[in-house]
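Please read the structure below before turning to the comments.
Model, not experiment: these values are computed from the prediction. First the proteins, then the strands, lettered A, B, ... as listed; each starts at 1.
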Amino acid sequence: MSDFYLNIAVDTPLHRIFDYLPIKNSARSDYQIGQRVFVSFGRLKKIGVILNISSSTELSRKQLKPISQLIDRQPLISLDDLKLYKWAANYYHHPIGEVLAQAFPKQLRAGLTPTIELTTRYALSKHGLTLDENSLKRSPRQLGLWHQLKNADAPVDRDFFSTLDWNWRSPLKSMIEKGWVTASQEHNTATHSPTTPLFDPNPAQQTAIDSIAKALEGFQVFLLDGVTGSGKTEVYLRLIQHVISAGKQVLILLPEITLTPQLAQRFRQRLTAQMVISHSGLNDTQRAQAWLRLKEGLANILLGTRSAVFTPMRTPGLIIMDEEHDISFKQQEGFRYSARDIAVMRARDYSIPIVLGTATPSLESLYNVQQGRFKQLVLPERTAGASHPDIRLLDCRNQTLDNHLSQSLLKAIGKTLERNEQVILFVNRRGFAPVLMCHSCGWVAQCRRCDSRLVIHKNANLLRCHHCGVEHAIPNTCPSCQQAELFPLGLGTERVEETLSSHFPDTPVSRIDRDSTRQKNAMQSVIDKVHEGGAQILVGTQMLAKGHHFPNVTLVGIVDIDAGLFSCDFRASERMAQLITQVAGRAGREEKLGRVLIQTHHPEHPLLNTLITHGYTRFAKEALDERQQAQLPPYHYQALLRVNAINEQAVLNFLNDAKELISTIQAPLIQILGPVPAPMLKRAGRFRYQLLIESAQRKPRHQFLQQLLPKLEKLKSSRKVRWSIDVDPIDLF
DNA sequence: AGCACGCCGACT
DNA sequence: GTCGGCGTGCTC
């Protein structure tokens with residue numbers, strides 16, 4: 001009888017670890033922390049990871065089952081990485097089993113043990129080398145291959161033959177059969193060789209490179225703060241070269257898939273490296289291969305999106321996160337985490353530096369700079385040829401507005417189009433208008449299920465709730481007073497599109513938002529159309545500001561900035577400032593000077609003026625100061641409490657009690673949303689509500705939750721409800 | 001989150 | 001008698 005127990009993190013949504021017995025007749029030395037196992041769990045078969053091997057258990061032996069299979073002979077994850085995953089599970093209040101499952105590529109999560117794919121290489125055998133041309137004359141294709149292989153100075157892979165326009169497979173096969181050619185299986189260690197040398201850094205870049213290069217031996221967070229065109233990528237390239245030539249690996253995180261190919265291309269041109277890529281556009285095999293190659297040290301660069309932050313590294317040397325402020329780094333569903341914070345923790349665990357690059361740092365990162373936890377490096381200069389755009393506020397007060405567009409903006413658009421140039425207009429909201437109101441009685445179309453208002457979608461001819469997705473027909477008369485005096489209030493992309501089409505009937509107007517780009521390639525076809533040139537107008541939400549480059553756009557209008565100034569979402573002003581800065585950076589990259597016009601009713605707004613005249617850095621500093629003066633802590637967060645039950649009243653009672661409970665732990669903003677449709681719930685008739693908690697607490701968020709969760713648990717015992725809590729992963733440190 | 005057990009009303 | 005809808009409790 002064995003005298004040890006396995007503590008296993010099972011892939012299940014339960015916040016617990018489960019004890020199992022080892023397999024009969026196995027020895028303690030067979031087991032190591034970090035190995036995967038199959039276990040029977042209830043009557044399900046699940047995968048788990050050994051977290052610990054202990055000599056005691058709280059349950060009696062009879063209650064324990066043995067594991068059904070030990071999958072790995074060696075640990076799949078190291079103690080260091082396990083420590084990080086445990087930290088994340090605790091910090092983000094997510095079950096450890098699911099956190100671990102997310103850290104693996106699909107195939108490994110399914111219990112498979114894929115091996116690193118080998119490449120077949122071909123070379124002439126000793127016998128093949130002694131052949132003379134004449135003996136091959138009768139088969140010209142074999143002769144051709146023989147020549148090719150003879151001229152190659154090393155064994156070649158299949159790509160070597162891909163330039164041939166005839167079928168080389170069968171002659172190669174017969175040459176192998178005759179023993180003239182050897183085929184060997186090898187690790188693919190092909191490196192990309194640079195075609196373009198690295199540029200010489202300018203003084204600011206050199207200073208940044210030196211500061212980071214000096215710190216490569218230990219943990220340190222660098223905030224590399226540089227405007228668009230200041231050459232952050234050059235700094236990355238130098239550092240990467242430095243690190244990989246020392247035999248270490250670099251993890252590079254990017255916010256979006258669309259940005260990977262262009263950066264990957266640039267890296268290939270400039271570095272001698274073995275680079276692997278991982279993002280959701282690749283299939284499971286490709287991602288598993290990238291994961292394994294980094295883990296085994298067969299690759300020295302991993303370029304990936306959010307989820308790549310969990311990939312184990314064999315010889316970690318550096319982590320780089322580009323566009324650090326980007327909200328795509330936050331997973332907003334299920335296991336909610338911030339890849340930035342995980343990356344920082346990871347760097348700390350590995351004792352390596354991390355570089356957070358951005359032109360518009362998040363306030364969290366700037367706060368950490370102020371606190372001395374991060375070191376800020378500024379790249380002030382734009383590289384040669386770039387110029388600053390011209391940003392101006394358009395005072396809309398007392399101006400005649402046509403569907404929220406001022407005469408001066410319309411005039412500027414007209415002039416730009418006359419010059420056969422292009423215009424981009426940013427509007428923060430999709431749909432036609434955010435509110436449908438009755439002129440006669442003031443009734444407003446509200447979502448029956450949520451606290452939010454219904455948005456008018458004219459194209460789809462619907463009222464839609466952007467919170468829960470519910471759709472209604474647009475009424476002709478007011479449901480409250482029966483008058484036919486309903487009118488749209490406010491604006492969205494559809495409305496601006498319509499207004500511009502009527503003002504400039506001869507100019508093509510394209511709209512880019514989540515609705516218009518839902519179909520595959522819709523975005524690309526608009527982009528292609530814009531690149532064709534000619535006078536055009538683009539109307540879009542923020543998604544238009546990222547990554548894409550529109551060379552013929554010389555005027556950018558921002559239509560509804562005021563919402564960002566006074567929104568109850570405390571991050572709105574920060575996002576607004578980031579948008580303006582990004583847009584300005586884009587316009588300024590062209591040879592033609594771009595102009596950015598910002599419509600506002602608050603031209604005196606101090607933060608807005610700081611932004612326009614002094615740029616983002618000053619803006620951010622003042623925004624942080626303002627928060628501190630208002631005694632607001634720099635860290636806010638939201639939590640979503642989901643509650644469901646068969647009995648609607650039980651849910652409401654629970655929520656009301658929860659609300660009261662939360663208010664005793666100081667969470668100023670509480671809102672009930674719901675019932676939100678829950679298609680995953682098999683049984684019809686279950687009611688699901690959500691409680692949005694926004695807290696501005698001085699205490700770290702997880703302390704708040706540690707107080708709240710047991711209380712909610714107690715509350716549940718008296719009622720037949722189920723609940724779960726999802727917490728905004730934006731944070732902290 | 002699943003899943004099974006077991007309770008109770010409705011039916012060939 | 002037993003079929004099936006739904007609350008309850010468990011998963012090492």
Exercise. Taking DNA chain C as the partner, which of residues 36-48 of chain A come within under 4.0 angstrom of it by heavy atom?
Worked result: S40(A), F41(A), G42(A)
Problem set entry | Contact list for residues 47-66 of chain A, test ring pair (Phe, Tyr, Trp, His ring centres under 6.0 Å), sequence neighbours left out | none
Exercise. In whole Å, what is the span from the CG atom of L59(A) to the C1' atom of dC12(C)?
Worked result: 6 Å
Exercise. Separation of L14(A) atom CG from dG2(B) atom P, in whole Å?
Worked result: 10 Å
For this session: Let me know the distance between NE2 of H15(A) and P of dC12(C), rounded to the nearest Å.
Result: 18 Å
Problem set entry | Spacing between I8(A) atom CD1 and dC12(C) atom C1', to the nearest angstrom | 9 Å
Exercise. Is a side-chain donor-acceptor pair under 3.5 Å present for E574(A) with S362(A)?
Worked result: no
Problem set entry | D326(A): salt bridge (Lys or Arg N to Asp or Glu O under 4.0 Å) partners, not counting sequence neighbours | K546(A)
Exercise. R16(A) CZ to dA1(B) C1': how many Å, rounded?
Worked result: 13 Å
For this session: Quick one: list whatever passes side chain to side chain contact (heavy atoms under 4.5 Å, CB included) with K106(A), sequence neighbours left out.
Result: R109(A), D284(A)
For this session: Using atom CZ of F18(A) as one end and atom P of dC10(C) as the other, report the distance to the nearest whole Å.
Result: 13 Å
Seminar exercise, completed: The side chain to side chain donor-acceptor pair (under 3.5 Å) partner of R430(A) among D515(A), T541(A), T493(A), D513(A) is D515(A)
Problem set entry | Rounded interatomic separation in angstrom, taking NZ from K65(A) and P from dC10(C) | 15 Å
Seminar exercise, completed: Numerically ordered, the residues 67-75 of chain A set in heavy-atom contact under 4.0 Å with DNA chain C is none
Which donor-acceptor pairs under 3.5 Å do side chains of residues 8-20 of chain A form with protein atoms, sequence neighbours excluded?
residue : atom : partner : partner atom : Å
D19(A)  : OD1  : N7(A)   : ND2          : 2.7
D19(A)  : OD2  : T57(A)  : OG1          : 2.8
Y20(A)  : OH   : S40(A)  : O            : 2.9

Exercise. Between Q331(A) and R306(A), does any side-chain donor sit less than 3.5 Å from a side-chain acceptor?
Worked result: yes
For this session: Find the distance K62(A):NZ to dC12(C):P and express it as a whole number of Å.
Result: 17 Å
Seminar exercise, completed: Distance col, row L253(A):CG vs E323(A):CD, nearest 0.5 angstrom, shows 12.5 Å
Exercise. For T115(A), does its backbone N or O pair with a side-chain atom of Q289(A) as donor and acceptor, under 3.5 Å?
Worked result: yes
